[in-house]
Amino acid sequence: MSTKKRIAGLVFDCLQKAFPDTPGLPGPDEIEGFLELPPDPAMGDYAFPCFRLSKPLRKAPPMIAEALLAAVDAPEVATAAVAGGYLNFALNRENFARETLALDNTRYAATADNAAKTVCIDYSSINIAKRFHIGHLTTTMLGHSLKRIHDFLGYRTVGINHLGDWGTQFGKMICAYKRWGTKAEVETGGVDEMTRLYVRFHEEAEKAPALEDEGRAWFKRIEDGDPEALEIFGWFKDVTLKDAQRVYDKLGVTFDYYTGESFYNDKMDRVVTELTEKGLLTESEGARVVDLEAEGMPPCLILKRDGATLYATRDIAAALYRKDTFDFTKALYVVAYQQDLHFRQWFKVLEKMGYPWADDLVHVSFGMVSYEGQSLSTRKGHIIYLDELLDRAVEKARAIIEEKSPDLADKETVARQVGIGAVVYADLQNNRIKDIDFWWDRALNFDGETGPYVQYTHARCCSLLRKAEEADVLPDAALASALTDDEAQEVLRLLSRFDEVILEAASRYEPSMITRHITRLAQAYNKYYYEHRILDEDKAASAARVKLTEAVRNTMRTGLWLIGMEAPERM
RNA sequence: GCGCCUGUAGCUCAGCCGGAUAGAGCAACGGCCUUCUAAGCCGUAGGCCAAGGGUUCGAAUCCCUUCGGGCGCGCCA
């Protein structure tokens, strides 16, 4: 039972004792919801606001607090005190230290319940023939982190990279390749060469509009399964994925499936058929749509005037396929908020089709990325490619290592972990809905609340644990009385709340909660580290402080893993 | 025009299912390395929580209005 629950039970008992047979008093669960954290830890560990009870009890809050205080009698509470309308509880510090250090924050006590549930996560979803840039970072890292969080909580997860591999632009690209490209150039130039061909196509098409038809014809050939078209297209895809894989490898991001838009080509008929059978498809301005006027939304376009499908059709087909294949209890779509309306529309269409699981579809939306105050533009060259960003971050880390830790064993590995960690941390630091304006100096800052700061604190813990081992001091919380000072208690409080934070991060689809929590833990530990000597002559006390250090190290390593960062042991 | 999101210190943001003096980091200024990693720690300064109304014992937090910013609103995804 959690400490909070026990305090809630205690308040409940006090209430019964102080005000017997009073109707309208809250139960233990309700009381637990009322419990707060005092603004200053010096006031106590938990606070019960008595304002809540002044109505049923018809008494002033401070009087209620006094009456409750008189009824308090529990060993785990060191002191209880009335402060205004609050009753504050301070826990027995020694006891709290012992219990908290008995927790294992590297594992979640997963219920068998979760293991039977599948969560699909659709993230990254890059386009073929486009280079990976900072606009793709958030969907990639947010999705990756959500996958790890759900893995940690014991769910079965399915990570899907829903590739943008369908559309007339690929016909144009093949057309351009056939006219002006060579195999060797595409092989060596990769995505850049494909982009160059695509740009050239548009330039030439301005002069010779007939090219547009030629491009469309090539796309038709892809659709019709023409071997040559498919071969070139498949090859473009391979080249793009090989390029992207380099970035994914650097970031440590993986997927279970790369089923893109083209995968659903033969699964679209079902959508149209079902919608027709269910009488949901109506004609509007030549197109076939699902009317959503009653829901206060514009209609959802299913078929174009020419009978071709649209992206809503494809998303619905994909959802039906995933439900059949994975039987998910939840499906997350990690896509920028720009597409908010689109998701609301097709989620609603599935609901109207009679699928109750439409409620399990979640659009995990996030903010837009701009660069120095202006929107990203490949065409204008106003863009930061991820390769370049990661390389520069690693380079910066390398320079700092040369300066501060020239004797470090595996400098290159650490530079990579730290540089990339800085980028990942910054991406998952704030609430996902916030827009991000990219500035180089901010991205390459390694001081203060940054990835390197948390990693540094982790490495510092590792270093201490190595020293402790050399001195034959093994982590042991037996002498918990050595951990009753304010600084240690603050560290312990943060350690004890780690699992709640993960659960909340999962329920809100907000990994930043974990990022911030481990940052606070790092701050608290660094403060502790400066105010207290950890290894000294007193072996038993040292062992307790080493145990605390170990718990911080483990929690931080787990937290870093959850947000997709590495945890170097030296730096 | 309509809809969704957003507005907290110079900058970037926490806090937003109501509670006790609104918190961090960056930037600025001033301290701390002969002791366990100074990518660190401590301190100073910096805020009519966009504005106005309302609900409440109590509002940065909930409701309404206004203003500023972002995004979206039919055959692209």
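Throughout, a chain's letter reflects where its sequence line sits, starting with A, and its residues are numbered from 1.
Across all strands, A:R508 comes closer than 4.0 Å only to sugar-phosphate atoms, never to a base (heavy-atom distances). In this structure, A:H458 reaches neither bases nor backbone, as no heavy-atom distance under 4.0 Å exists between it and the strands shown. Residue A:D306 is out of contact with every strand shown, counting any heavy-atom pair closer than 4.0 Å. Contacts of A:I534 with the nucleic acid, taken as non-hydrogen atoms under 4.0 Å apart, include base atoms. As judged by a 4.0 angstrom heavy-atom cut-off over every strand, A:E569 is placed among the base-contacting residues. Residue A:R516 is in sugar-phosphate contact alone, with no base atom involved, counting any heavy-atom pair closer than 4.0 Å across all strands shown. Here A:Q339 lies in heavy-atom contact (under 4.0 Å) with a base. Among the protein residues, A:Q523 comes within range of the sugar-phosphate backbone only, with heavy atoms under 4.0 Å from sugar or phosphate atoms but none that close to a base. Backbone-only engagement by A:P298 is indicated by non-hydrogen atom pairs under 4.0 Å involving sugar-phosphate atoms exclusively. A:S284 comes within 4.0 angstrom of a nucleotide base, judged by non-hydrogen atoms across all strands. Counting any heavy atom pair closer than 4.0 Å across all strands shown, A:L301 reaches a base atom.
Closest to the side chain of A:I400, from the set B:C76, B:U21, B:A39, is B:A39. Listed nucleotides B:G74, B:A14, B:C36 differ in distance to A:P299; the shortest reach to its side chain belongs to B:G74. Taking only side-chain atoms of A:M43, from C-beta outward, the nucleotide of B:A14, B:A20, B:A39 with the closest atom is B:A20.
Comment: A:K220 does not engage A:E223 in a salt bridge, judged by the lack of any side-chain N to carboxylate O separation of less than 4.0 angstrom.
The environment of A:E402 atom CD is dense: over 12 non-hydrogen atoms of other residues, nucleotides or ligands sit within 6.0 angstrom.
Ring pair A:Y264/A:Y321 is perpendicular by interplanar angle, where above 60° counts as perpendicular and below 30° as parallel.
Using C1' as the reference atom, B:C16 and B:G23 are 14 Å apart when rounded to the nearest Å. Comparing the P positions of B:C49 and B:A22 gives an interatomic distance of 11 Å, to the nearest angstrom.
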For residues 60-68 of chain A, which side-chain donor-acceptor pairs fall under 3.5 Å, sequence neighbours excluded?
none

**Fill in**
Dot-bracket for RNA chain B, 5' to 3', Watson-Crick and G-U pairs with both distances under 3.5 Å, [ ] for crossing pairs, | for partner on another strand, reads ((((((((.[[[[.)...(...]]]].(((((.......))))).....[[[[[..)....]]]]])))))))....

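One interatomic measurement links the two molecules: CG of A:D435 to C1' of B:C4, which rounds to 13 Å at whole-angstrom precision. Rounded to whole angstrom, the span from the CG atom of A:L303 across to the P atom of B:C75 amounts to 15 Å.
Side-chain to base pairing of A:D315 with B:A77: no donor and acceptor N or O lie closer than 3.5 Å to each other.
Shown here, B:C33 is classed syn by the O4'-C1'-N9-C4 or O4'-C1'-N1-C2 angle, which is within 90° of 0.
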